[in-house]
Amino acid sequence: MTAEPGATERPQERPAPPPGEVHPVDRLPGPGRLLASGFQHVAASYAGVVAPPLVVGAFVGLPPAQTTFLVGAALFTAGLATLLQTIGFWKVGARLPFVNGVSFAGVAPMLAIADARPGHAGALPAIQGAVIVAGVLGFLLAPCFCRLVRFFPPVVSGTVITLIGITLLPVSFGWIQGGHPERPASLTNLGLAGATLVTVLVLRRLLTGFGRQIAILLGLVAGTLLAIPTGAVDTTATRAAAVAGFPEPFHFGHPLFEGPAIVSMCVLMLVCMTESTADMLALGEIVERPADERTIAAGLRADTLGSAVSPLFNGFANSAFAQNVGLVALTGVRSRFTVAACGAMFLLLGLSPVCASLIALVPQPVLGGAGIVLFGTVAASGVNVLRGAGLDRGDNLLIAATSLGVGMIPVVSRTFYANAAVPETLRIILDSGVSAGCLTAVLLNLAFNHLGRRRRPVRGD
């Protein structure tokens with residue numbers, strides 16, 4: 001019997017390895033490989049972890065010392081969330097090579113919460129109270145939410161994976177522009193990004209074995225060294241940073257629980273859960289351990305539990321980092337313990353501001369050059385999934401094309417939905433290209449391939 005186009009069969013269960021053989025995801029590399037690969041994940045995700053607290057801290061008017069404290073808290077809580085995801089306990093943790101960190105999607109609603117308070121007074125306690133409630137709600141919903149995996153056949157999952165890569169590429173371009181997307185990139189920044197990109201490609205072409213796997217890390221080091229004579233390496237933060245410091249619980253005040261703030265963060269949590277589901281499906285394909293409902297439920301529990309606990313240490317909502325999915329795809333290092341090492345390093349960075357500042361020495365243009373490879377790899381992985389999605393059958397091509405178009409809207413224009421008539425909660429979903437494209441793909445797949453299915457042509461039609 002031939003399957004219908006876009007059929008939503010359940011993902012197959014995890015393939016059992018041959019007797020006595022451990023799946024690459026569960027293999028523990030040697031100390032040298034473990035540390036180098038883990039540090040590579042830290043370098044790839046560091047900017048994404050520290051960007052939200054920097055933006056929020058500046059918006060609410062925190063002095064530099066307090067903003068630094070907020071960054072350290074974000075690193076510490078990202079480490080906790082990553083360890084929950086990779087090592088896990090009970091039914092918590094996908095036990096896949098997933099990095100979890102502060103969700104940048106949460107920046108807009110957090111700024112809206114702060115803006116609603118006179119002089120931004122008490123903004124951080126209100127944000128953190130809302131995050132706690134949203135995290136608990138997400139944890140309770142995880143067993144139900146994971147069942148959505150049946151609505152992710154290849155035509156949907158391939159589209160979403162492609163969108164993940166495409167929507168991340170502008171982040172890389174923004175880094176090359178020095179964090180100012182509205183300005184043209186300087187020749188110096190273009191040179192550093194280009195040199196880093198070429199270095200990574202040359203190393204991938206010439207090296208073999210472990211050297212090839214850490215080509216991104218070597219490229220970042222080389223790019224940073226090249227940046228020193230240009231003055232692009234800023235050591236101010238390193239000179240002023242303290243050697244050690246612990247993120248004191250509720251440093252900014254005890255959490256406040258306010259209705260509007262809680263509603264907006266709960267909507268954000270649903271968006272993050274949707275994106276994390278898509279990321280787990282993508283990573284499952286890459287590491288050849290398909291993410292079934294059990295894996296997704298456990299992964300969502302880790303996401304949401306990490307978010308619920310994060311405000312205790314002055315952190316924000318956490319979610320899966322798609323850029324590290326690209327790193328796994330590019331390097332072929334599938335061990336979850338390398339990412340667990342990354343989580344441990346984040347913990348240490350959060351406890352040692354001076355160590356955290358060393359990672360910050362990598363200039364943004366250098367990160368941008370490496371990001372082109374990382375994020376492009378994710379998009380290419382999605383295209384590879386779409387190749388097997390039967391785009392030549394039924395309306396699958398139409399589903400993929402429309403969903404990609406809808407998902408690209410906020411990537412091309414950040415002000416497309418900035419209309420007062422569009423509700424703020426709806427805007428949170430629409431402004432996420434991955435969420436908007438994912439929902440479009442799921443709904444179109446149901447409409448064209450399932451609801452009111454057309455009858456099969458009979459002989460003589």
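The basis for the numbers below is simple: all heavy atoms, side chains too, and nothing from hydrogens, waters or symmetry mates.
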### Query
Do Leu281 and Ile296 come within less than 4.5 Å of each other through their side chains, counting heavy atoms only?
yes
### Summary
Pro143 meets the side chain to side chain contact (heavy atoms under 4.5 Å, CB included) criterion, sequence neighbours left out, with Arg301
### Message
To the closest 0.5 Å, what do you measure between CG (Leu75) and CG (Leu80)?
### Response
11.5 Å
### Query
Got Phe39 and Ser37 here, is their nearest side-chain heavy-atom distance under 4.5 Å?
no
### Message
Looking at Arg387, I'd like to know if its CZ atom is crowded, meaning that more than 12 non-hydrogen atoms belonging to other residues, nucleotides or ligands lie closer than 6.0 Å.
### Response
no
### Query
Taking side chain as C-beta onward, heavy atoms only, is Met269 less than 4.5 Å from Met265?
no
### Task
Start with the C-alpha gap between Leu218 and Thr199, add the side-chain angles, then the distance that decides, and say whether side chain to side chain contact (heavy atoms under 4.5 Å, CB included) holds.
CA-CA 8 Å; Leu218 297 176; Thr199 301; over 6 Å; no
## Note on the structure
Sequence neighbours excluded, the answer for side chain to side chain contact (heavy atoms under 4.5 Å, CB included) partners of Leu443 is none
### Message
Would Phe173 and Ile372 count as a side chain to side chain contact (heavy atoms under 4.5 Å, CB included) here? Give the steps.
### Response
CA-CA 8 Å; Phe173 305 150; Ile372 291 175; 4.2 Å; yes
### Task
Measure the CG-CE distance between Leu163 and Met408 for me, rounded to the nearest 0.5 Å.
8.0 Å
### Query
Looking only at heavy atoms, what is the nearest atom pair of Leu327 and His41, with distance?
CD2-ND1, 3.4 Å
#### Entry: Side-chain heavy-atom pair Thr224, Pro363 within 4.5 angstrom cut-off
yes
### Task
Please check if any side-chain donor atom of Asp279 sits under 3.5 Å from a side-chain acceptor atom of Ser276, or the reverse.
no
### Non-hydrogen atoms of Leu83 and Ala344 that approach each other most closely
CD2-N, 4.2 Å
### Query
Given the rule in the side chain to side chain contact (heavy atoms under 4.5 Å, CB included) test, do Val328 and Leu283 qualify, once you have shown the distances and angles that lead to the verdict?
CA-CA 8 Å; Val328 173; Leu283 189 59; 4.0 Å; yes
### With Ser403 via side-chain hydrogen bond (donor to acceptor under 3.5 Å, both in side chains) - residues at least two apart
none
### Interatomic distance, Leu305 atom CG to Ser310 atom OG [nearest 0.5 angstrom]
10.5 Å
### Task
Answer with yes or no whether the side chains of Asp303 and Asn318 bring together a donor and an acceptor at under 3.5 Å.
no
### From Phe257 atom CZ to Ile262 atom CD1, the distance as rounded to the nearest 0.5 Å
7.0 Å
#### Entry: Results of side chain to side chain contact (heavy atoms under 4.5 Å, CB included) for Ser335 - residues two or more places apart only
Pro29, Phe337, Thr338
#### Entry: Minimum-distance pair of heavy atoms, taken over all atoms of Arg289 and His23
NH2-CB, 3.4 Å
### Query
So, for Val411 and Ile166, which heavy atoms are closest and what is the spacing to 0.1 Å?
CG1-O, 4.4 Å
### Message
How close do Gly122 and Leu256 get, counting heavy atoms only, and between which atoms?
### Response
O-CD1, 4.0 Å
### Query
Where do Leu386 and Ala400 come nearest, in terms of heavy atoms and distance?
CD2-CB, 4.3 Å
### Task
Output all residues satisfying side chain to side chain contact (heavy atoms under 4.5 Å, CB included) with Leu348, sequence neighbours left out; order by chain, then residue number.
none
### Task
Answer yes or no: is there a side-chain heavy-atom contact under 4.5 Å between Val309 and Thr77?
no
### Query
Is a salt bridge present between Arg334 and Asp26, judged by a nitrogen-to-oxygen distance below 4.0 Å?
no
### Query
Taking the side chain as C-beta and beyond, is there a heavy-atom pair between Leu96 and Arg336 under 4.5 Å?
no
### Pairwise distance CZ(Phe98) to SG(Cys342) - rounded to 0.5 angstrom
13.0 Å
### Message
Using modelled atom types and a 3.5 Å cut-off, is there a donor and acceptor pairing between side-chain atoms of Arg95 and backbone atoms of Gly93?
### Response
yes
### Query
Should Phe316 and Pro53 count as side-chain neighbours, where that means a heavy-atom distance under 4.5 Å?
yes
List, one per line, each side-chain donor-acceptor pair under 3.5 Å for residues 123-141, sequence neighbours excluded.
from, atom 1, to, atom 2, distance (Å)
Gln128, NE2, Asn314, O, 3.4

#### Entry: Rounded distance (nearest 0.5 Å) linking atom CZ of Phe448 with atom CD1 of Ile399
6.5 Å
### Of Val25, Thr86, Thr82, the residue whose pairing with Pro97 passes side chain to side chain contact (heavy atoms under 4.5 Å, CB included)
Val25
### Task
Starting from the C-alpha separation in whole Å, work towards a yes-or-no answer on side chain to side chain contact (heavy atoms under 4.5 Å, CB included) for Val99 and Phe346.
CA-CA 10 Å; Val99 171; Phe346 273 143; 4.2 Å; yes
### Query
Would Asn449 and Asn396 count as having a side-chain donor-acceptor pair, cut-off 3.5 Å?
yes
### Task
Could you check if a side-chain atom of Phe89 sits within less than 4.5 angstrom of a side-chain atom of Leu84, using non-hydrogen atoms only?
yes
